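Starting from 1, each residue takes its place in the sequence as its number. Only heavy atoms go into these numbers, but all of them, side chains included; no hydrogens, no water, no symmetry mates. The shown structure was predicted, so the numbers you read here are calculated from the model rather than taken from an experiment.
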Amino acid sequence: MTTATLSTPKPGGLKRLIERYPFLPALLIALVLLGLNGLYQPRSVSFIGITGLVKTYLALIMLAIAQTYVVYAGDIDLSVGAIVSLVNVVIVVMMEKMGGTGFSVVAALGMGLLVGLACGIVNGIVVAALRLQAIVATFATSIFFTGLALYVMPVAGTPAPATFWRTYGGRFFEIPFVFYAAVLLAIVIYVLARTRLATQLLAVGDDAQAAFQSGLPVTKIRIQGYALCGLFAALAAFCITGDTASGDPLVGGKMTLFSVAAVVLGGSALSGGFGTVVGSIVGALIIGLINSLVFFVGTPSEWQNLVQGLAILVALMAGILVGRRARA
């Protein structure tokens with residue numbers, strides 16, 4: 001996996017390193033948090049602990065990746081959490097209606113990918129083709145997608161077939177399934193980083209007018225970015241369904257802003273044209289490590305959200321300050 005960025009490296013060792021790998025400050029923060037987790041709960045840094053962390057936050061990692069491809073072009077998607085919820089209930093209902101067999105699981109996952117893709121294309125058309133403000137348009141579509149999810153499954157709690165969640169939480173050749181998923185994800189990201197689309201998205205985000213004048217189909221590129229976002233949001237729904245083993249029409253509600261925070265923590269610019277998928281993955285892990293650390297230190301339940309929010313804000317400011325100083 002390599003960094004996707006249009007910035008030209010400048011002279012200077014640390015400056016050049018940060019510009020080429022903008023996720024390094026986030027990686028440093030993640031390592032510090034990992035060490036603190038190990039200090040308060042040694043088992044959290046064991047193989048079982050790391051497996052649990054990846055299994056729990058793989059959905060957020062997928063969603064952070066989804067958000068990154070939209071942010072590349074200077075857009076944003078506030079509907080990714082609603083897409084997760086919609087795909088979650090669609091695949092669970094399909095699996096239940098079709099008997100929960102292996103074939104039904106595969107068919108439902110295929111339908112889930114189509115639903116995510118369709119949602120992404122709708123967002124792309126509304127934002128890029130109709131030229132509505134991304135933050136307003138995707139907020140509106142998030143309400144629409146949530147309404148569809150509630151129509152498909154009005155009440156949470158429908159269980160997913162055991163075939164599905166046992167596979168997600170199981171082991172093959174004594175290796176947890178989530179690690180196979182992580183390796184496959186790494187391969188997909190590596191391939192996408194070398195496609196023209198990644199470079200074109202960054203070009204549009206860096207200067208849409210210049211990209212248009214150079215002959216790039218800006219509208220089509222932005223729609224493709226949203227379509228890719230929808231696909232990864234569907235993958236996030238698969239992960240969260242495997243983790244919770246049930247359907248919930250509101251399951252993705254809190255994940256949208258977490259995905260945006262992960263992208264910023266990873267060093268990507270919300271204005272577009274600069275960033276890295278690897279950084280977004282590290283940013284998602286930072287959020288996971290902060291959440292687990294807050295629990296390990298024994299924070300009272302009524303204070304946990306406050307402490308988590310403050311910790312994420314501190315990590316965000318630290319990453320930005322380190323990156324700015326290195327590039328100064």
Side-chain angles (χ1 to χ4, degrees), residues 55-67 69-70 77-126 137-170 177-178 181 185 226-260 262 284:
K55 180 175 178 289
T56 302
Y57 290 99
L58 188 58
L60 180 57
I61 289 173
M62 294 286 190
L63 210 59
I65 295 170
Q67 194 73 252
Y69 287 113
V70 175
D77 191 347
L78 297 185
S79 71
V80 287
I83 296 174
V84 169
S85 299
L86 179 58
V87 174
N88 167 253
V89 298
V90 166
I91 64 175
V92 169
V93 168
M94 277 196 65
M95 291 176 190
E96 181 191 33
K97 297 294 185 183
M98 298 177 67
T101 62
F103 173 78
S104 70
V105 169
V106 174
L109 294 181
M111 178 58 69
L113 287 175
L114 290 177
V115 170
L117 177 62
C119 291
I121 292 174
V122 167
N123 282 332
I125 291 174
V126 170
T138 56
F139 175 72
T141 57
S142 73
I143 299 174
F144 175 70
F145 297 150
T146 300
L148 287 178
L150 287 167
Y151 175 79
V152 174
M153 186 183 293
V155 180
T158 302
T163 304
F164 182 75
W165 58 263
R166 283 177 180 170
T167 300
Y168 183 78
F177 172 81
V178 291
L185 176 63
Y226 274 104
L228 196 57
C229 177
L231 285 173
F232 274 98
L235 294 176
F238 297 168
C239 296
I240 205 166
T241 305
D243 192 40
T244 62
S246 64
D248 184 348
L250 302 176
V251 70
K254 291 184 178 180
M255 298 180 70
T256 297
L257 296 183
F258 277 140
S259 71
V260 176

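The CD1 atom of I61 sits 8.5 Å away from the SG atom of C239 when rounded to the nearest 0.5 Å. Note: L109 CG to I91 CD1 = 5.5 Å, rounded to the nearest 0.5 Å. Atom-to-atom distance recorded for T244:OG1 and N88:CG is 6.0 Å, nearest 0.5 angstrom. For the atom pair CG (L228) and CG (L117), the distance works out to 9.5 Å, reported to the nearest 0.5 Å. To the nearest 0.5 Å, atoms CZ (F232) and CG (D77) are separated by 14.0 Å.
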Where do V93 and T158 land on the side chain to side chain contact (heavy atoms under 4.5 Å, CB included) test, with the steps shown first? CA-CA 8 Å; V93 168; T158 302; 5.6 Å; no
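Closest approach of S259 to V80, counting heavy atoms only: OG-CG2, 3.8 Å. Between I83 and A233 the shortest heavy-atom distance is CG2-CB, 3.7 Å. Taking both residues in full, the closest heavy atoms of A108 and M95 are given as CB-CG, 3.6 Å, listed atom of the first, atom of the second, then distance. Between S142 and L78 the shortest heavy-atom distance is CB-O, 3.6 Å. Residues Y168 and K55 share a closest heavy-atom pair of OH-O, 3.1 Å. Nearest heavy-atom pair across G253 and S85 is N-OG, 4.3 Å.
Around atom CE of M111, no more than 12 heavy atoms belonging to other residues, nucleotides or ligands sit under 6.0 Å away.
D248 contributes no side-chain N or O that, together with a main-chain N or O of V155, makes up a donor-acceptor pair within less than 3.5 Å. For N123 (side chain) and T138 (main-chain N/O), no donor-acceptor pair under 3.5 Å exists by modelled atom type. Of the possible donor and acceptor atoms, none in the side chain of S104 sits under 3.5 Å from a partner among the backbone N and O of G99. The main-chain N or O of C229 is never found under 3.5 Å from a side-chain atom of Q67 such that the two would form a donor-acceptor pair.
In this structure, the side chains of Y226 and L231 stay at 4.5 Å or more apart for every pair of heavy atoms. The shortest distance between side-chain heavy atoms of L185 and I65 falls below 4.5 Å. With contacts defined as side-chain heavy-atom distances shorter than 4.5 Å, the pair V87/F238 qualifies. Side-chain contact check for L86 versus C119: some heavy-atom pair is nearer than 4.5 Å. No side-chain heavy atom of I240 sits under 4.5 Å from any side-chain heavy atom of M62.
Not a single side chain to side chain contact (heavy atoms under 4.5 Å, CB included) links Y151 to another residue, sequence neighbours left out.
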Cut-off 3.5 Å, no hydrogens considered: what does the side-chain donor-acceptor table look like for residues 160-167, sequence neighbours left out?
| from | atom 1 | to | atom 2 | distance (Å) |
| --- | --- | --- | --- | --- |
| W165 | NE1 | A160 | O | 3.4 |
| T167 | OG1 | T163 | O | 2.6 |

